[in-house]
Amino acid sequence: MLQDLKLSHVVAGAVAVLVGYTGSVAIIFQAIDTLGATQSQANSWMLVLGLGMGLTSLLLSAWHKMPILTAWSTPGAALLAISLHGVSMSAAVGAFLVCGLLLVLTGITGWFAALTRLIPDSLASALLAGILFQFGLSAFAAAQSDTALVLAMAVTFVVGRKWFARYAVPAVLCVGVLWCAGSGAFGGLAQLDLSLARPEFVWPSFSWPVLIGVGLPLFLVTMTSQNMPGVVALRANGYDAPVSSSLTVTGLATVLLAPFGGFAFNLAAITAAICAGPEADDNPRSRYLAGVMTGVFYCLVGLGGATVISLFLIAPKALIATLAGLALLSTIGNSLSAALADAEGRDAALITFLVTVSQISFVGIGAPFWALIAGLVVHHLMRWQPTSGPVTPTPAKANSTPQPSETRLRDAP
């Protein structure tokens, strides 16, 4: 395995971790603050979340030889941030455990894997393009706040795609970091927290209102807003995702790590797209090494605890946004092309894409779920043919004269 490791695998893993943390770590902090956790409990959360993502990503990628990445449930963290007011830490842990058990049950039964097979490839590609579209927009929107940095990274990307395509994203990362270092954009280095995180166990308690009001919704948003797009991200890049085993592994990780703050683990979509696309490796069969490296980096970040988290927080937002958008540009383009290639299914794919981009949310469920529902409805309506009653054939006349089209066919050589 090590002999096949490339620089692009290492860079893709580093970018995936960078994007994964900076994109939603603030939401995790909000959920921790809502619970009124102590500093040691907060450090424990960040430790086990990093280790949980790292070990499950490493295990699944190495075992299945696919870039299968896992993540904490970002919509789940947002749900916790608004629903844990007045809930004790032990009751919250009980809800996390129930969510993990439901994830395991879903993986063992295999019903979710069967459900994902009903999604046409064009809709899967449209959904992925819609999920990643915001990252592409953010890369160019960042130019308004930091024009010089974004322009330097964009020019590097275009030149790299022309002359050294495999190393375009690593070059963009290097240019961005050097530019920020030279301009003093990495502020607050003196405020880095160098302490090491340690796990802290919390005994669970079970309360029906908390289980129904927190545990069940946490499971539902994790399945609809995280696991479904995660499967789509792999399918759109040509991988037949082992859905059942992945859900079982992430569910078991949630059950084992819930008492320490591992509230929910699931398949990743955005970071998976970084490691599953052509930027990570030209050869799809060895892209799993990018997933392995992501797992290694996640473990290191988790062990680093508060030090690495504070380092992520002082990084310029324009650097992260531009890096993520440019790294995902090829995946966005390929997904849009695959989604709109079939003229017959173009309307359904386009509606799926637009609903996803709209970021609408109903009853606490995000846009990806509703985009799939809308796309599937349109897909089947466009292909539905009303059945009619039996038609009695009209008897042909004995001396009927062939129509012009029939004459041409008969006389054709």
Side-chain angles (χ1 to χ4, degrees), residues 20-54 56 70-104 193 195-226 250-266 268 298 301-310 312-313 361 363-366:
Y21 267 90
T22 55
S24 58
V25 70
I27 302 176
I28 302 295
F29 291 157
Q30 290 177 2
I32 294 174
D33 183 65
T34 302
L35 272 173
T38 64
Q39 184 61 48
S40 60
Q41 289 174 336
N43 290 342
S44 176
W45 275 50
M46 301 315 301
L47 169 65
V48 299
L49 286 172
L51 290 178
M53 293 186 296
T56 52
T70 62
W72 61 50
S73 175
T74 300
L79 171 72
L80 297 179
I82 63 175
S83 61
L84 289 179
H85 292 283
V87 177
S88 66
M89 180 67 77
S90 62
V93 169
F96 302 162
L97 284 171
V98 170
C99 175
L101 291 173
L102 290 174
L103 290 171
V104 173
D193 186 351
S195 63
L196 292 178
R198 296 181 179 180
E200 182 170 319
F201 185 87
V202 175
W203 281 102
S205 63
F206 300 95
S207 165
W208 280 112
V210 177
L211 294 181
I212 297 174
V214 178
L216 184 58
L218 179 61
F219 165 73
L220 292 175
V221 299
T222 299
M223 291 299 300
T224 57
S225 299
Q226 291 286 106
T250 54
L252 287 174
T254 303
V255 171
L256 293 174
L257 298 178
F260 304 96
F263 61 93
F265 297 99
N266 47 251
Y298 269 136
V301 170
L303 292 173
T307 303
V308 181
I309 301 305
S310 56
F312 279 130
L313 294 178
S361 177
V363 296
I365 300 177

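Owing to the predicted nature of the structure, the values given are computational and were not obtained by experimental measurement.
- T56 is linked by a side-chain hydrogen bond (donor to acceptor under 3.5 Å, both in side chains) to T70, counting only residues two or more places apart in sequence or in another chain.
- Annotation for V104 and G251: closest pair CG2-C, 3.3 Å, computed over non-hydrogen atoms.
- With T34 contributing its side chain and H85 its backbone, the two residues share no donor-acceptor pair below 3.5 Å.
- The side-chain hydrogen bond (donor to acceptor under 3.5 Å, both in side chains) analysis of residues 255-266, with sequence neighbours excluded, yields no pairs.
- Residue F263 forms a side chain to side chain contact (heavy atoms under 4.5 Å, CB included) with just one option from V48, I32, V93, L49, and that option is L49.
- Remark: F265 pairs with no residue by the ring pair (Phe, Tyr, Trp, His ring centres under 6.0 Å) rule, at least two apart or across chains.
- Residues satisfying the side-chain contact (heavy atoms from CB on, under 4.5 Å) criterion with L35, sequence neighbours excluded, are W45, L84, M89, A92.
- At least one side-chain heavy atom of I28 sits under 4.5 Å from a side-chain heavy atom of W72.
- Between N43 and R198 the shortest side-chain heavy-atom distance does not fall below 4.5 Å.
- L101 is linked by a side-chain contact (heavy atoms from CB on, under 4.5 Å) to V255, counting only residues two or more places apart in sequence or in another chain.
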Throw together a table of side-chain donor-acceptor distances under 3.5 angstrom for residues 200-223, partners on residues two or more places apart or in other chains.
unit_1 : atom_1 : unit_2 : atom_2 : d
E200   : OE1    : S40    : OG     : 2.6
S205   : OG     : S90    : OG     : 3.0
S205   : OG     : A91    : N      : 3.2
T222   : OG1    : S73    : OG     : 3.0
T222   : OG1    : L218   : O      : 2.6

